[in-house]
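Reading through the C-alpha cells given below for one structure.
A quick note: this is a predicted structure, and the numbers were derived from the prediction, not measured.
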Amino acid sequence: YWFAKAFLDENICVEPQKKRDENKSAPSSPTSGKNTLSIKDGQDIFIDDIIVTINERRTYFNLKRKSPNSKGLWTLAELRNNKILEDLKKQYEGDPSANLVFVSEDKAAHLHQDEAFNAKSSLNREELEKRLTETKLNKWDELKEYYKWDDDRLLTFARKVEMRQKPQSE
C-alpha cells in the first residue's frame with residue numbers, strides 16, 4: 001500500500017529500517033525466510049521494519065507475520081523475547097515525535113490491544129488505577145520496569161504506539 005502511494009506522491013518516502021543477516025538474527029523468528037533479499041555474497045537478509053515518511057513526519061512499521069505460539073496471540077513475553085519492545089523503545093527514543101505501529105496477522109495481547117485505549121487516555125497513575133483491571137495494571141507495571149520509565153513517560157510512549165492485526169489476505 002505505502003509503496004504504491006509513495007510512487008504517486010513525492011511527499012511520501014518508504015524505506016527499510018532494518019536489515020538483519022538471516023544467520024545472525026535473534027531467536028528463531030516467525031519472519032525467517034520471509035521478505036528476504038539476496039545480496040552479492042550469497043547471504044540472505046530480511047527486512048522486517050519499514051519507515052514511512054510523509055512531509056517529514058515518520059511512522060515506523062514493525063512487521064511480524066505471526067506470533068511464535070500456536071494461540072495466534074503475541075503475549076508481553078513474546079513481544080519482549082522477539083525484541084519488539086526493545087525496537088519500539090529505540091524508535092521512540094530516537095524519534096519521539098514519530099508514530100510506532102506493530103503489524104502482525106496475530107493479535108497483540110495486554111496493554112497493546114483493547115486496554116491500550118484506556119491507558120492512553122489516562123493522565124496519571126491515579127487514572128490508570130481507575131481504568132485498568134488489576135491484571136492490566138500489573139502488565140503496565142511490568143512494562144514500566146522493563147523500560148525503566150515512570151508512568152508519565154510510559155503514557156507518552158503508549159500514545160505513540162498502535163497495534164494492527166492484518167490478515168494475510170490484505
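Under the 4.0 Å criterion applied to side-chain N and carboxylate O atoms, Arg164 and Glu162 are assigned as salt-bridge partners. The residues Glu93 and Arg153 are annotated as salt-bridged, a charged nitrogen and a carboxylate oxygen being separated by less than 4.0 angstrom. A salt bridge does not link Lys89 to Glu86: none of the charged side-chain nitrogens sits closer than 4.0 Å to a carboxylate oxygen. Arg125 has a carboxylate O that lies under 4.0 Å from a charged side-chain N of Asp141, or vice versa, which qualifies the two as a salt bridge.
Within the 4.5 Å cutoff, no side-chain heavy atoms of Leu76 are placed close to those of Tyr146. Contact check for Asp49 versus Tyr60: no side-chain heavy atoms found under the 4.5 Å cut-off. Within the 4.5 Å cutoff, the side chain of Leu143 has no heavy atoms near those of the Trp149 side chain. Looking only at side-chain heavy atoms (C-beta outward), Ile51 and Gln91 stay at 4.5 Å or farther from each other. Between Leu88 and Ile84 the shortest side-chain heavy-atom distance falls below 4.5 Å. Inter-residue side-chain proximity for Val161 and Phe102 is flagged as unmet; no heavy-atom pair is nearer than 4.5 Å. In this structure the side chain of Asn124 never reaches within 4.5 angstrom of the side chain of Asp151, judged on heavy atoms. Under the 4.5 Å side-chain criterion, counting only non-hydrogen atoms from C-beta, Pro68 is in contact with Trp74.
Across all non-hydrogen atoms, the minimal contact from Ser122 to Arg131 is OG-CD, 3.2 Å. Taking every heavy atom of both residues into account, Ser104 and Ser67 meet most closely at OG-N, 4.4 Å. Here the closest non-hydrogen pair linking Phe61 and Val103 is CD2-CG2, 4.0 Å.
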query = Can you list the steps and then say if Val52 with Arg58 is a side-chain contact (heavy atoms from CB on, under 4.5 Å)?
reply = CA-CA 6 Å; Val52 176; Arg58 288 189 177 145; over 6 Å; no
inquiry  = Quick one, Trp140 with Leu155, criterion side-chain contact (heavy atoms from CB on, under 4.5 Å). Give me CA distance, side-chain angles, the key distance, then yes/no.
reply    = CA-CA 10 Å; Trp140 178 266; Leu155 278 167; 3.7 Å; yes
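Here the CG-NZ distance, from Asn138 to Lys136, works out to 11.0 Å after rounding to the nearest 0.5 Å. Atoms CZ and CG, on Arg159 and Asn99 in that order, are 13.5 Å from each other to the nearest 0.5 Å. In this structure, CG in Leu100 is found 14.0 Å from NZ in Lys90, a value given to the nearest 0.5 Å. Between the OG1 atom of Thr59 and the NZ atom of Lys160 there is a distance of 9.0 Å, given to the nearest 0.5 Å. How far NZ of Lys83 is from CG of Asn81: 9.0 Å, rounded to the nearest 0.5 Å.
Between Arg80 and Thr75, the side chains place no donor N or O within less than 3.5 Å of an acceptor N or O (distance only, hydrogens not considered).
For Tyr147 (side chain) and Leu85 (main-chain N/O), a donor-acceptor pair under 3.5 Å exists by modelled atom type.
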